[in-house]
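Here's the structure we're looking at; comments come further down.
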Number of protein chains: 2
Amino acid sequence: MPARAKEPLSRDRVLAAALEVADAEGVPAVTMRRVAEVLDCEAMSLYHYVDKKALLAGLTEAVVGEIAVAALDDLPPAADPADWRDVVRRRCLAAREVMLRHPWAPPLVATQPQPPPTVYPLFEALVATMVDAGCGYELAHRAIHSLGPMLLGFTQELFEPTADDEGAASPQAEAMALAMPYLARLAEVAVHEAEGTIGLCDTQAEFEFTLGLVLDGLEAHRRVGAASAVGAASAVGAASAV
Amino acid sequence: MPARAKEPLSRDRVLAAALEVADAEGVPAVTMRRVAEVLDCEAMSLYHYVDKKALLAGLTEAVVGEIAVAALDDLPPAADPADWRDVVRRRCLAAREVMLRHPWAPPLVATQPQPPPTVYPLFEALVATMVDAGCGYELAHRAIHSLGPMLLGFTQELFEPTADDEGAASPQAEAMALAMPYLARLAEVAVHEAEGTIGLCDTQAEFEFTLGLVLDGLEAHRRVGAASAVGAASAVGAASAV
DNA sequence: TCGCAGATCTTACGTCGTAAGTTGAGTCTT
DNA sequence: AAGACTCAACTTACGACGTAAGATCTGCGA
């Protein structure tokens, strides 16, 4: 996709071109020369707006910004503050959808020294929802830490147990099965369960499950009381164990 | 650190050298030429054992292997199966310690197309612990998905709210504070809380808190019964809301 | 009309991964 | 013991990358 109407460059146009390249060809293809080609100019012309590091930082900024927008739009402002878990859940799922559209993004975000400022509106909204629901700032703070990785896409399919076909058991696969009986059994169960779904693991369901664990745990802490959220961890643990 | 006694090359020696470079100078410094220099040979000599992709994959394999070893060693084999949460918790914390020793590792692991096979022993141990405690394979499976990112280091300090000094408020910082009152208030609380700790956020405590949320949630599911772990999510949520 | 300032292009350098071909030290045959 | 075969290690070379330095172009106020 070379060339387009000759229009003056700008930081935004450069970043848009970079995003285009990343979506089409992956992050490694985002080179100064390749982006310049899309903009129908020379690589060195980009340096008036960004160098390579700033280009990748800007790309991160753009994706995270897209996440923030997606997570904040189209949300009924929560009729009842008590429904805070649903609001937060929907925001996290919206964030995940964006990340699934940009599969190259999570490793990129992970390499950045700082999360881009475009996350702050999202964090602000989450904290607001939780505090208004009576969570207290300490708990909201911890919640941001707990949910951050999920929002920023650090929860991807990092686990495809025995991704090969189950039929033709290679000798090494058999050796592994003998050495790790529990995992072998788990793989069997997973295969049995997976009839109907796409892959071996329904990553969407896993994501929602983990999200539910975290949200329910936070809600339990909220109930114990925001006064001493830090020290209350054991109390909650004891309560849930009854 | 150049040169050492001239000893025949091998895949292991190459990977060890790469690990050395990564620890000392970071992942970007791990180039074929730099690793060759450490081994006192030419870059092209390495290609009999690894190319660049395999080098990074091997590096990942090594770190994750180190995690697995650290998480499996030095653990009393759990006197009571009911203490499964403590066992799993200690394993996760041991994994985290390794990651803290290799801060360059998480982004590297995140870029790999597959997690290396060296994680499997760790997963096996976790599944064994949970199943023996009566969790059922479905729940153990979900647990692996929930805990995986924490074990593989995808929970790092991605959040340093207003990392700058709080005193000299820059104009843009003030503008931000006005636009995002909840975050501003949260930062105040965090600063107040942080007296005594090192940074603004006690990342170790945040990690342990999130880990506790997940483990307590899993335990709640275990109690509901492994029979229909998938459908039981709402039941658990309802229970914790009582 | 001129000249200046900022945007863009040209050229060039050092580093990267690695393809292709060469050297040299064992080892195995006869 | 001598020649042939093997394969780890080396040499050379190429294209792509990020970017420093300086030349050129363009538009606008004087």
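Quantities reported herein were computed from a predicted structural model and do not represent experimental measurements. Letters A, B, ... are given to chains in the order of the sequence lines, protein chains preceding strands, and every chain is numbered from 1. Heavy-atom basis, side chains included; hydrogens, waters and symmetry copies ignored.
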What is the distance from [atom1] of [X] to [atom2] of [N], rounded to the nearest Å?
X	N	atom1	atom2	value
Lys52(B)	dA16(D)	NZ	C1'	14 Å
Asp40(A)	dC9(C)	CG	P	8 Å
Arg13(B)	dA9(D)	CZ	C1'	13 Å
Arg11(A)	dG6(C)	CZ	C1'	19 Å
Tyr49(A)	dT19(D)	OH	P	17 Å
Leu46(B)	dA9(D)	CG	P	9 Å

Please tell me which of the listed nucleotides, [options], lies nearest to the side chain of [X]?
X	options	value
His48(A)	dA7(C), dA21(D), dT18(C)	dA7(C)
Met44(B)	dT18(C), dA8(D), dT19(D)	dT18(C)
Met32(B)	dG17(C), dC10(D), dT19(D)	dG17(C)
Ala43(B)	dA9(D), dT18(C), dT19(D)	dT18(C)
Glu42(B)	dC9(C), dG18(D), dT11(D)	dT11(D)
Arg33(A)	dC17(D), dA9(D), dC10(D)	dC17(D)
Leu9(A)	dC17(D), dA9(D), dT8(C)	dT8(C)

Student check: side-chain heavy atoms of [X] and [Y] closer than 4.5 Å:
X	Y	answer
Leu126(B)	Arg91(B)	yes
Val189(A)	His141(B)	no
Leu93(A)	Gln204(A)	yes

### Query
Reckon Ser45(A) has a side-chain N or O less than 4.0 Å from the OP1 or OP2 of dA7(C)?
no
### Query
Tyr47(A) side chain N/O closer than 4.0 Å to the phosphate oxygens (OP1, OP2) of dT8(C)?
no
#### Entry: Interatomic distance, Leu152(B) atom CG to Met99(B) atom CE [nearest 0.5 angstrom]
5.5 Å
### Message
Quick check against the 3.5 Å criterion: does Glu124(A) have a side-chain atom that pairs as donor or acceptor with the backbone of Tyr182(B)?
### Response
yes
